[in-house]
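First comes the structure, then the notes that go with it.
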Protein chains: 4
Amino acid sequence: MPEDRAEESAVTARSGSRTEEAPDAGSGTAGRPRRRQARGEARIAQLLEAAADVFCASGYNGASTNAIAREAGVSPGTLYQFFPNKEAIAIELGERLMDRWRETYGAAFVVSHVELPLERMLDAVLDPLIAFNCENPAFAVLTHGSEIPGVITREHDALHATMLTRTEQLLRTFLPELPADRATRTAEMSFVLFKAGLDLVMAHEGAEREAYIRELKTVMYRYLEPLVCDTPDGAPAGSTDTP
Amino acid sequence: MPEDRAEESAVTARSGSRTEEAPDAGSGTAGRPRRRQARGEARIAQLLEAAADVFCASGYNGASTNAIAREAGVSPGTLYQFFPNKEAIAIELGERLMDRWRETYGAAFVVSHVELPLERMLDAVLDPLIAFNCENPAFAVLTHGSEIPGVITREHDALHATMLTRTEQLLRTFLPELPADRATRTAEMSFVLFKAGLDLVMAHEGAEREAYIRELKTVMYRYLEPLVCDTPDGAPAGSTDTP
Amino acid sequence: MPEDRAEESAVTARSGSRTEEAPDAGSGTAGRPRRRQARGEARIAQLLEAAADVFCASGYNGASTNAIAREAGVSPGTLYQFFPNKEAIAIELGERLMDRWRETYGAAFVVSHVELPLERMLDAVLDPLIAFNCENPAFAVLTHGSEIPGVITREHDALHATMLTRTEQLLRTFLPELPADRATRTAEMSFVLFKAGLDLVMAHEGAEREAYIRELKTVMYRYLEPLVCDTPDGAPAGSTDTP
Amino acid sequence: MPEDRAEESAVTARSGSRTEEAPDAGSGTAGRPRRRQARGEARIAQLLEAAADVFCASGYNGASTNAIAREAGVSPGTLYQFFPNKEAIAIELGERLMDRWRETYGAAFVVSHVELPLERMLDAVLDPLIAFNCENPAFAVLTHGSEIPGVITREHDALHATMLTRTEQLLRTFLPELPADRATRTAEMSFVLFKAGLDLVMAHEGAEREAYIRELKTVMYRYLEPLVCDTPDGAPAGSTDTP
DNA sequence: GATGAATGAGGATTCATTCAT
DNA sequence: TATGAATGAATCCTCATTCAT
């Protein structure tokens, strides 16, 4: 039910706004508020889209709220009717991207995939994740940025943790003998490898991009294959893991 | 002779400052100028150290020159006696880090290493690079930052290109049969893998850090081993590279 | 006795300096203080010369004390050993110029001149005044400047008043029938005419300058001639002065 | 239609502001934009008036933008909504004053005046020019100032040249036998005489001012009369011009 | 709800002035 | 005395945020 989500977000977006409490839009009436919210939701989407563009183009600090408002075709005042401050825009944008990322991620990590051979599994898992990132370049900006205020980072860290946990669980499901800390590290490393490769992928276009995608998959394949195969012969791993 | 370098840098740091030219104080005399230069150089080092800290904590835009001066324990005016503007601080800091990085990198990529088995070679190459990055966290900030003024980025790009070229040459020396574009991609991918793993490494301390370092080496090993060994059996690579 | 003047000036220059009283340089000893003062006087002259140049080039506000010190070949600290602040430099420079102007002016307005025919008298009077201004362009800067702090202006106003009074006295000596206010106005107008013409003169060089000097004298001549001649036939003057 | 001019100026004032282009708000609609423009124009006028006051009181360099904003009763940010920088304020103020000066000047130098006797012509020409300057003391500041940024000076120089040319043409029309360089010098000298006298006029009030105005006219009359009359008997001119 | 002018604290930078050497 | 590095208040300007319309 996307509308619920939307309303939730609207509330989130306004949380902490102004100094007064929200009038709470008479919960008795049914028609009007809904329409208002709908309109508001459109505005919010419009603003967040603009914010994504401007964040990509100028980074978080470089993006001025006025520039975002202008990009969205509204006045700065309007922007502040939906977001209490600049940070909230980044947070909400981050959350929405993370929500969509969660969905993408959830769809990619379905159980049916684990039955595929690793190479195919990587295709099945990574392709949608790569596609998502290519379509949402702001995700990387909000996710990497060293300059982004703590809250966003923390929000992202939470999602990151969730994703890590899930990846870790998957790993441990299929490799029960893997020690806990090793699973954590492997999951985490897989993530950063993926992100790093992604940057390279996103920096190129067309056929080159395809080549980098294959290269990224090669990296992941070679990293994970020894774990998945019966013969864990990864040499350094062997030397360091079996003291 | 690192001292010469340092003084040269001091000059660099001041170049462009104010609108007048420096009288250049008769370089024939030894005592006085040296002491002055020494003091100046100490200030510059102190300011750059402070800048590194503040850049790490707040990013380039988030770092105010006043904050840098405060961190260095001097007044804002003093900062501007050594750097004409904020950008120059980042540039000088970047150049110094890149110089040291170049040295580290040069020392790490010595020919004698290629005779080692891959695992040992990775130790020999990666350990100093990792150590450098752990000791100079600002390097990553200045090197990654999307918000950093063009000059630094261009400087860094040049270094990056140099490093890539060298890595590529190494790859092609020992794997002459590797196609040119494949070598480029491999070198590039190795770099981003390394950087990505580095972030993970640097995010941890002590024993954990060691574990992540091992994990990073595992990644690199598994990525590069199939290329180096006689039996290039990396499955996805095989399937995509040999049509 | 220029040395007395100099010492007086040196004192003036320091007057108001720092927060303490001057040590008053043991008046018992004779040799040393004199030498010190002499050295100091040289420094002061050097600094004032530099200040004149910089004021001419950049105006009062545009002239930085550091620039003046640099132009004088000394350090900013040295400058402040002789002048308590920037304004004092302008004041002292102004006073010295005014002193010399007073001399020039005094020499130009000698009684013997009044026996000359007006045209010759104008040559005798204006030529040295013009020469002085051409040789001391800073005089105009300090004398005109709308941006110059009140004190200097007030100092200058005092001199201006003195000069006016003298001019007025001259006028009234030889034109006793001239009403007091008319004499004042005439003196004042003569001054501003002179200054205005001077600007024009100083804006040109060589032969052109000579032509403008003649033009200026023409202005003055035509302005003053009707007063001096027996037949005050200047039409507007006639209509306004003889109701 | 002065209102058009004003709106044009408002655009000029905003041109170059910020880094983005103005959307230019469909000029077809009449109501809304007009009101907005009107408000903006009022602000600009208010700011320029404040700027005129502060420039008069402190000169260009001495006038801080915060002081101008305070004088105008607005915040510094508001000032920068209408002018991209301090210089632009001076430029716009200068342009507006020059525009009005041009009008005043154009109205004063009408052909019909040349038929008047010189004395009456001087009244007809000088009175409006004097009135303008008394009402717009900032004109003199912006016009004289040695410290004012190049653009304004250049603008003013252009106007000055135009005015000189016109004056010169007038002179040569009615005194065709006057040599070209003489006409130039006479025009130029007339100007500086006028300005100089103006300063004196503006330094006084009421009846005194009237007296100084008469004195200024006397100066001009006596300077120009010999040229205009059949009998060019100005003695020094005669002696220097007719060798 | 929407607008956009207004706000004002904050940031980069300058420069008159001081003080340890 | 001379030096020149250091100071820090003041300046120009920006931009996140508010509010009257």
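Naming convention: chains lettered A, B, ... in sequence-line order (proteins, then strands); numbering from 1 in each chain. Note that the structure is predicted; figures quoted are calculated from it, not measured.
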Checklist entry - Starting at the 5' end of DNA chain E, which residue's closest nucleotide do you reach first, A:Thr78 or D:Gln46? => result A:Thr78
How many whole angstroms separate atom [atom1] of [X] from atom [atom2] of [N]?
| X | N | atom1 | atom2 | answer |
| --- | --- | --- | --- | --- |
| D:Phe83 | F:dC13 | CZ | P | 13 Å |
| C:Ile89 | E:dA16 | CD1 | C1' | 10 Å |
| A:Phe82 | F:dT17 | CZ | P | 17 Å |
| B:Gln81 | F:dG8 | CD | C1' | 13 Å |

To the closest 0.5 Å, what do you measure between [atom1] ([X]) and [atom2] ([Y])?
| X | Y | atom1 | atom2 | answer |
| --- | --- | --- | --- | --- |
| C:Glu41 | C:Gln46 | CD | CD | 11.5 Å |
| C:Asn66 | C:Leu79 | CG | CG | 8.5 Å |
| D:Asp53 | D:Phe55 | CG | CZ | 11.0 Å |

Checklist entry - What closest approach, in Å, do D:Ala63 and D:Ser58 show between heavy atoms, and which atom pair accounts for it? => result N-CB, 3.9 Å
Item to check | Who pairs with E:dG10 - Watson-Crick or G-U, where each distance is under 3.5 Å | outcome: F:dC13
Item to check | Watson-Crick/G-U partner (both atom distances under 3.5 Å) of F:dA5 | outcome: E:dT18
Next on the checklist: Quick one, D:Phe82 and D:Glu92 - any side-chain contact, counting heavy atoms below 4.5 Å?
Outcome noted: no
Checklist entry - Just wondering, do B:Leu48 and B:Ile89 contact through their side chains at under 4.5 Å, heavy atoms? => result yes
Close N/O contacts between protein and nucleotides 9-13 of chain E (under 3.5 Å):
| from | atom 1 | to | atom 2 | distance (Å) |
| --- | --- | --- | --- | --- |
| E:dA12 | OP1 | B:Ala63 | O | 3.3 |
| E:dA12 | OP1 | B:Thr65 | N | 3.4 |
| E:dA12 | OP1 | B:Lys86 | NZ | 3.1 |
| E:dA12 | OP2 | B:Thr65 | N | 2.8 |
| E:dA12 | OP2 | B:Thr65 | OG1 | 3.2 |
| E:dT13 | OP2 | B:Tyr80 | OH | 2.5 |
| E:dT13 | OP2 | B:Lys86 | N | 2.9 |
| E:dT13 | O5' | B:Tyr80 | OH | 3.4 |

Item to check | Contact under 4.0 Å: A:Ser75 side-chain N or O vs E:dG4 OP1/OP2 | outcome: no
Next on the checklist: With a 4.0 Å limit, can you tell me whether A:Arg70 has a side-chain N or O closer than that to the phosphate oxygens OP1/OP2 of E:dG4?
Outcome noted: no
Checklist entry - If you find the nucleotide of DNA chain F closest to C:Leu79 and the one closest to B:Leu79, which residue's nucleotide is nearer the 5' end? => result C:Leu79
